[in-house]
Protein chains: 4
Amino acid sequence: MARTVDQKRYAERREAILSAAYRQFATNGYDRTTTAAICREAGISSGTFFHYFPTKLDALVGVLLAGVETTRGELQRITAASPGLAAVLNYARVWEKDIGDEHFGGFAGAVGGLPLEPSVAAALDAESSLIAQFIGHHLATAKKQGELRDDVAVETLSTWTRWLMDGAAHSAVQGEASSGELSVAISALLSAR
Amino acid sequence: MARTVDQKRYAERREAILSAAYRQFATNGYDRTTTAAICREAGISSGTFFHYFPTKLDALVGVLLAGVETTRGELQRITAASPGLAAVLNYARVWEKDIGDEHFGGFAGAVGGLPLEPSVAAALDAESSLIAQFIGHHLATAKKQGELRDDVAVETLSTWTRWLMDGAAHSAVQGEASSGELSVAISALLSAR
Amino acid sequence: MARTVDQKRYAERREAILSAAYRQFATNGYDRTTTAAICREAGISSGTFFHYFPTKLDALVGVLLAGVETTRGELQRITAASPGLAAVLNYARVWEKDIGDEHFGGFAGAVGGLPLEPSVAAALDAESSLIAQFIGHHLATAKKQGELRDDVAVETLSTWTRWLMDGAAHSAVQGEASSGELSVAISALLSAR
Amino acid sequence: MARTVDQKRYAERREAILSAAYRQFATNGYDRTTTAAICREAGISSGTFFHYFPTKLDALVGVLLAGVETTRGELQRITAASPGLAAVLNYARVWEKDIGDEHFGGFAGAVGGLPLEPSVAAALDAESSLIAQFIGHHLATAKKQGELRDDVAVETLSTWTRWLMDGAAHSAVQGEASSGELSVAISALLSAR
DNA sequence: CATGAATGAGCCTTCATTCAT
DNA sequence: AATGAATGAAGGCTCATTCAT
C-alpha cells in the first residue's frame, strides 16, 4: 500500500517538475533556464530536483519524451476515428491548436538552439518519425481512395504536408496567428481537383 | 590616405569577426558560444573584439544585419531579372541553396532559442518583412497575369508560400535534404491548373 | 536540533566573511579589494561568498550595518551609565579608541571614496543619525543641568561636537595620534566656565 | 616665438586635462574614473593624455599639486593682509567656501579611498603641512597678543582648530551646509574670555 | 526522501597602457 | 605632437552539481 502511495506521489512530483521545467525552458531557453528557477517554480529544493533528474539535460529529455507520449495518444485517437485524408486534416487541426499555445514557440526555440545532444536528438526524432509515419500511412490510404492529386508521388506529398505544418509552426512562433488556415492549405495542396 | 587604408582595414577586420561569430553561433548556439572562441577563430584579442562589438549580442545583431543586406541584394537582383511567379520560384531556388548551407540550421536555431531581445527581433523582422513583401509583390503581379489558381486569395497564397519555405528550412535543419523540390512544391500549390 | 546548529554555523561564517571583508576594504579600499581576496582571507570559495553576499557591495553594506549595531550597543550602555555631558565625554573616549584602530582609517576612506550607492548611504546615515541623536539628547540634559556654556545654542554645540569628533577621526586617519585629547577638547569647547 | 606659443599651448592643454580629471575624480572616485572618460571630457585622444600624464596616477598627483599651489597663494595673501587670530579666522572662511564647492567632497573621498601611494601621500602632506604651519604661526602670534585662552597650550589649540576645520569639511561632504559657522566655532574655542 | 549550503570552473566585460601611423 | 586601434590581464559573478545532515 505504502508502495502505491509512494509511486503516486513520485509520479505527481515528477509531473510537477516536468511542467515547471517546460514553462521555464519555453520562457527563457534551455541555457538561460537555471535549475534553481525550475526548483523555485516547482516548489522543491535543488537536492530534490536531482533525485528526479540527475542533470538539467535529463529534465529536458523528460519534457520531450512526455510530449512524444502525448502525440502518440493523439495520433492513435485520430487514426481510430478517421482514416485517409480526413485523418491528416484532423491532425493538422490539432497541430494548429498546439502551436497556438503560448509556450510552444519558446520551447521549440529552446530545443532548436541546442547543439544536438544524442538524447535530445533521439527524442526529437521519435516525435517526428511518429508524425511522418502517421502522415505516410494515411496518405497512402487516401491515394488508394482517389482522394489525392495524381501528378505527384505520395512520398513527396507527405514531405510537402510536413513542410506546411512546420512552416505554420514557425509562423506561430513569430506571433502570426493563422486560425484554421493550415488544414485548408494542406487540402488545397493535396486534393484531387 | 591613411584614412582610406584604415577604413578598409577596419571593414575587413569587422567582416572577419562577423564571419567567425557566424560560424561559432551556428555550431554551438548563442549562449554556448564564448567570446573567447570567436576571438580565437578570428585571430584577434578579446580587447579587439569589444573594440568592434561592445557586447556579444552586438556581434549577433551584426551577423543578422549583414544577412539582411545580402538578402536585400538577392531580392533586388531577382526582381530585376524576372517578374511574377517566376521571381518567387527563382528565389525559392536561392533559398533552397541557402538552407542547404552547413551552418544555416545551427545559426537559425541559435537565434530562435533567444528570449527575443529587441535588437535581435528588429533584425529578424527586417529580414522576414523583406521576403514577405517580395513574395506579396510578385504574386500580385502573377495574379494579374493569370498565373495563379483562382480559388484562393493572393494574401493567403503568400502566407502558404512562406510556410513551405520555412518548412523546407526546418527540414534542412533536421538534415533532410530536399534538392530542387521546394520550387516544385510552391509551383504545385500556387499554379492555375 | 540540526536547525540550531545550522543557524549557528551560518552566523559564524557570515561573521568571518564580514570580518575578512572589513580588513580587506580597510587595507586596499573598496574598488581594489577583490572578492577573491576576501574569500582567501575568510577561507571560503567564491561560490560560498556569493551564497552569503550576492554582490561585493552587499558585503560592504553588511560590514556597515554590523558597525551600526555595535555603535547602537555602545550608546545604550553609555546612556544607561551616565547622563548629560559625562555621557558625551565618555563616548568621545570610546570614539577615540575606535579611530585609533589600525583599520579604521582605511575603512573610512574606502567608504568615502564611493559614489554614494543608496544602500551605502542609508547605512552611513543610520550610523550618524544614531550619534547625532545621542549627542543632542545628552547635551540637552546637560543644558538643563547648567553644565554647558550659555552663549551658544545647544544645537550648535551638538554640531561643533561632531565636528571635533570627525576632525579627530580625520587626524587619526592621517596617522597623527591624539591620545585622550578629544574629550578634553570637547569639554573645553562646551563647558560653562 | 614658436617656442613661446608651444609652451602656452602646452600649459593650456595640461590645465584642461587637469580640470577634466578633477571633475571626473570628484564625481566617480579615482578607481572608477577611466582615462577614457577624462579624455572625452577634455576633448583629447588617449594618446594625447599619455603625452601629458604617463599614468592615471600622475594625473591625480597633478591635480593635487595644483591644489597645493592654490592653497599656498591663499595663505600668503591672508598672511599679508592680517596677522594673528584674524588670519586664522579669515582662512576658516575661505575654507568654508572651498568645502562648499560641489566637487570638493567627491574629490576628497576619491583621494581618501586610495591605498596611500607615496606620491599621493607626499602631495597630501605638502598641503596639510602648509596649513598646519600657517595656523601654528598665526596662533603663536595671537598668543603673544593675548588673543587666546590661557588654559591650553598653543600647539594643542592648533590641533583643535584643524579638527574643527576637518570636521566641518566632513559635514560638508555629507551634504550638511554650515554657512559661516566654522569661524564662529573656532573663535569660541580659542578666544580668551 | 528531502534539504540547501558549498564548491569552483568558466564567462563576459573593462580599461590602463602601448605603438604604428 | 596627436591619434585611436590593439592588447590581454584581471575581476565580479553565475550556476550545475555534490553531499552532509
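Basis for what follows: all heavy atoms, side chains included, without hydrogens, waters or symmetry-related copies. Below, chains carry the letters A, B, ... as their sequence lines are ordered, and counting in each starts from 1. Predicted, not measured: the structure shown is a model, and the values here were computed from it.
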Beyond-backbone contact of D:Asp58 with D:Phe50, side-chain heavy atoms, under 4.5 angstrom | no
Answer whether the closest heavy-atom distance between the side chains of D:Tyr52 and D:Thr48 falls below 4.5 Å.
-> yes
Salt-bridge criterion met for C:Glu117 and D:Arg32 (N-O under 4.0 Å) | yes
Step by step, work out the side chain to side chain contact (heavy atoms under 4.5 Å, CB included) result for C:Leu60 and C:Leu64.
-> CA-CA 6 Å; C:Leu60 175 63; C:Leu64 252 17; 4.1 Å; yes
When you check the phosphate oxygens OP1 and OP2 of F:dG4, does a side-chain N or O of B:Arg9 lie under 4.0 Å from one of them?
-> no
Heavy atoms only: give me the nearest B:Gln24-B:Thr33 pair and the separation to one decimal.
-> O-OG1, 3.0 Å
Heavy-atom closest contact (C:Leu57 atom, C:Ser119 atom, distance) | CD2-OG, 4.0 Å
Answer yes if the side chains of C:Arg23 and C:Thr27 hold a donor-acceptor pair under 3.5 Å, and no otherwise.
-> no
So what does C:Tyr52 touch, heavy atoms closer than 4.0 Å: a base, only the sugar-phosphate, or nothing?
-> sugar-phosphate
Could you note down all residue pairs passing ring pair (Phe, Tyr, Trp, His ring centres under 6.0 Å) where residues 25-45 of chain D supplies at least one of them, sequence neighbours left out?
-> D:Phe25-D:Tyr30
For atom [atom1] of [X] and atom [atom2] of [N], their distance in whole Å:
X: C:Glu12; N: E:dA5; atom1: CD; atom2: P; result: 15 Å
X: C:Asp58; N: F:dG12; atom1: CG; atom2: P; result: 14 Å
X: C:Gln24; N: F:dG11; atom1: CD; atom2: P; result: 12 Å
X: D:Phe53; N: E:dC15; atom1: CZ; atom2: P; result: 21 Å
X: C:Leu60; N: F:dC13; atom1: CG; atom2: P; result: 12 Å
X: A:Tyr10; N: E:dA2; atom1: OH; atom2: C1'; result: 13 Å
X: B:Ile38; N: E:dC11; atom1: CD1; atom2: C1'; result: 12 Å
X: D:Ile44; N: E:dA16; atom1: CD1; atom2: P; result: 13 Å

When you look for runs of 3 or more Watson-Crick or G-U pairs in a row, both distances below 3.5 Å, which of them include DNA chain E?
-> E:2-21 with F:2-21
Among the candidates F:dA6, F:dT3, E:dA2, find the nucleotide nearest to the side-chain atoms of A:Thr48.
-> E:dA2
Which of the following nucleotides, F:dT3, F:dT7, E:dT3, is nearest to the side chain of A:Arg13?
-> E:dT3
For the base of F:dA2, is there a side-chain donor-acceptor partner from D:His51 under 3.5 Å away?
-> yes
Polar atom pairs between nucleotides 15-18 of chain F and protein, under 3.5 Å, N or O only, would you list them?
unit_1	atom_1	unit_2	atom_2	d
F:dA16	OP1	A:Thr33	O	3.2
F:dA16	OP1	A:Lys56	NZ	3.2
F:dA16	OP2	A:Thr35	N	2.7
F:dA16	OP2	A:Thr35	OG1	2.8
F:dT17	OP2	A:Lys56	N	3.0

Check whether more than 12 heavy atoms from other residues, nucleotides or ligands sit under 6.0 Å from atom CD of A:Glu15, and answer yes or no.
-> no
